[in-house]
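Data first, discussion second: the structure below is written as C-alpha cells.
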Amino acid sequence: MRPAHLCLAVLVAALWGVNFTVIEIGLEHFPPLLFSALRFLVAAVPAVFFVGRPKVAWKWIVGVGLALGVAKFGLLFIGMDEGMPAGLSSLVLQIQAVFTALIAFVVLGERPTRLRALGMAVALGGVALAAVDEGTAGPLGAFALVIGAAVCWGVSNVLTRRAAPPDSLNFMVWVSTVPVLPLLGLSLLREGPSRDLDALRALDWQGAGVILYVAWITTVFGFGAWGWLLRRHPASTVAPFSLLVPVFGMSAAALFLHESVTPLRWGAAALLVGGVALTSLAPARARRVDPSRTPEAVAH
C-alpha cells in the first residue's frame with residue numbers, strides 16, 4: 001500500500017473512532033432517534049442528486065437501510081443516550097465481526113476455520129470482560145443495546161456482501177435515504193413531538209457541526225474513502241486498519257470526555273481486538289455448494 005493510501009486508511013479509522021465522542025456530544029443536543037434521522041437526512045441530501053442512480057437492486061438498499069440505519073444506529077444512539085460510554089461503545093461494537101461470521105455461516109454457508117472460531121471465542125471473552133467492567137460502573141441495559149447494534153451491523157454486512165455494490169459511495173448515499181422516515185416516525189412515538197421540536201428550535205453551531213460531522217465526514221467521506229481503498233487493495237490489506245477504530249475511540253473519549261479506562265477495560269480491549277483480528281483476517285473455508293445461491297438463482 002502506498003504511503004498516501006496508508007495515511008488515508010488511518011485517517012478514516014481515526015475519524016470513525018472520534019465519531020463516538022462526537023455522538024456523545026450530539027446526544028446533549030438531540031434525542032437519540034431524531035439525531036440518527038438527521039444524520040442520515042444530511043448524509044443523503046444533497047449527495048443523492050450527484051451520485052447517480054442506484055447500482056444494485058432496491059431490495060438490498062432497503063434491507064441494508066433498515067438493518068444498518070434504523071436498527072444498528074437506532075440501538076447504538078439509544079444505548080449511548082442511556083449511559084453507555086463513548087469509548088466502550090467504540091470497542092464493544094467491534095464484536096460485529098463475530099456476528100457477521102456467524103450470520104454468514106448460517107445464511108451463506110461460510111464455514112469458519114478453527115483459527116477463525118478461536119478468534120470468535122477470544123472476542124466474546126473480551127465482551128464478557130467488558131460486561132463485567134460495565135456492570136460495576138454503568139447500566140447493563142445500555143450495554144445490551146450496543147450488543148444488539150453489533151448484531152444488526154452483522155446482518156447489514158451480510159446483506160451488503162450479497163448486494164456486492166460496485167460503487168460503495170453510491171450505495172451508502174442511497175442506503176442513507178431509507179432510515180430517515182422510519183427513524184423520524186419512531187422518534188415521534190418514543191421521544192415525542194414536543195421534545196423533537198424543542199431540540200430543533202435550540203439548534204446552535206455546535207449541534208449543526210455535530211450533524212455535519214456524523215453525516216458528511218464519517219458517513220459520506222468515511223465510507224466513500226473506505227470503498228475507494230477496497231477497490232484498489234485486497235480486503236485483507238485494508239481490513240486491519242478498522243481495528244484502529246476502538247483505539248482512536250477510547251483515546252478520544254478519554255481526552256475530550258474524560259472517560260476513565262480501567263485495567264479491566266484494557267484487558268477487554270486486548271481480548272476483543274485480538275479476537276476480531278483473528279476472526280476478520282483468518283482465511284475462510286470454501287462455501288457449501290448450494291444451488292439456490294448460484295449467480296443465476298440470485299439474479300432471479
Side-chain angles (χ1 to χ4, degrees), residues 1-23 39 43 47 51 55 64 68 72-73 76 86-101 104 115-116 119 122-123 126 149-150 153-154 156-161 163-173 175-176 212-256 269-284:
M1 183 181 286
R2 293 166 54 184
H5 295 183
L6 187 150
C7 291
L8 180 61
V10 174
L11 174 62
V12 172
L15 294 174
W16 282 344
V18 172
N19 186 51
F20 289 87
T21 293
V22 176
I23 291 171
R39 175 245 183 96
V51 296
K55 297 179 181 180
V64 174
L68 182 72
K72 183 251 183 173
F73 280 105
L76 174 64
L88 187 60
S89 296
S90 72
L91 174 65
V92 170
L93 204 59
Q94 301 310 310
I95 198 66
Q96 57 83 18
V98 173
F99 291 123
T100 300
L115 186 60
R116 182 168 286 187
V122 172
W153 194 359
S156 74
N157 285 341
V158 173
L159 290 175
T160 300
R161 190 178 303 177
D167 184 338
S168 59
L169 178 60
N170 172 283
F171 182 67
M172 193 61 208
V173 168
V175 163
S176 295
L212 291 177
Y213 185 93
V214 300
W216 290 355
I217 302 299
T218 65
T219 304
V220 177
F221 173 77
F223 281 98
W226 197 257
W228 185 86
L229 288 169
L230 286 171
R231 287 196 299 274
R232 285 158 178 80
H233 302 281
S236 59
T237 301
V238 179
F241 288 94
S242 66
L243 298 175
L244 295 174
V245 172
V247 176
F248 286 113
M250 295 176 72
S251 300
L255 180 63
F256 297 109
L271 287 173
L272 209 156
V273 171
V276 167
L278 286 175
T279 302
S280 303
L281 305 180

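Just so you know, these numbers come straight off a predicted model, no measurement behind them.
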Non-hydrogen atoms of [X] and [Y] that approach each other most closely:
X    : Y    : value
L272 : I95  : CD2-N, 4.0 Å
A277 : L243 : CB-CD1, 3.6 Å
A123 : V98  : CB-CG2, 3.7 Å
R231 : P166 : CD-O, 3.9 Å
A253 : A86  : CB-CB, 4.3 Å
L76  : S89  : CD1-CB, 4.3 Å

(message) In the structure I gave you, are the side-chain heavy atoms of Q94 and V273 within less than 4.5 Å of one another anywhere?
(response) no

(message) If you define the side chain from C-beta out and look only at heavy atoms, does anything of T160 sit under 4.5 Å from P165?
(response) yes

(request) Would you please name every residue forming a side-chain hydrogen bond (donor to acceptor under 3.5 Å, both in side chains) with T219, sequence neighbours left out? (result) R39

(request) Can you sort out the partners of N157 under side-chain hydrogen bond (donor to acceptor under 3.5 Å, both in side chains), two or more places apart, ordered by chain and number? (result) Q96, T100, W153

Once you round to the nearest 0.5 Å, how far does [atom1] of [X] lie from [atom2] of [Y]?
X   : Y    : atom1 : atom2 : result
L93 : K72  : CG    : NZ    : 5.0 Å
K55 : D167 : NZ    : CG    : 4.0 Å
F73 : S176 : CZ    : OG    : 9.0 Å

(request) Please identify each residue that fulfils ring-ring contact (aromatic ring centres under 6.0 Å, His included) with F171, with sequence neighbours left out. (result) none

(request) Report the C-alpha separation of S168 and W228 in whole Å, then their side-chain angles, then the decisive distance to 0.1 Å, and conclude whether the side chain to side chain contact (heavy atoms under 4.5 Å, CB included) test is met. (result) CA-CA 8 Å; S168 59; W228 185 86; over 6 Å; no

With a cut-off of 3.5 Å and sequence neighbours excluded, list every side-chain donor-acceptor pair involving residues 2-20.
| unit_1 | atom_1 | unit_2 | atom_2 | d |
| --- | --- | --- | --- | --- |
| H5 | ND1 | H233 | NE2 | 2.8 |
| W16 | NE1 | T218 | O | 2.9 |

(request) With sequence neighbours left out, write down each residue that passes side chain to side chain contact (heavy atoms under 4.5 Å, CB included) with L212, or none if nothing qualifies. (result) V42, W216

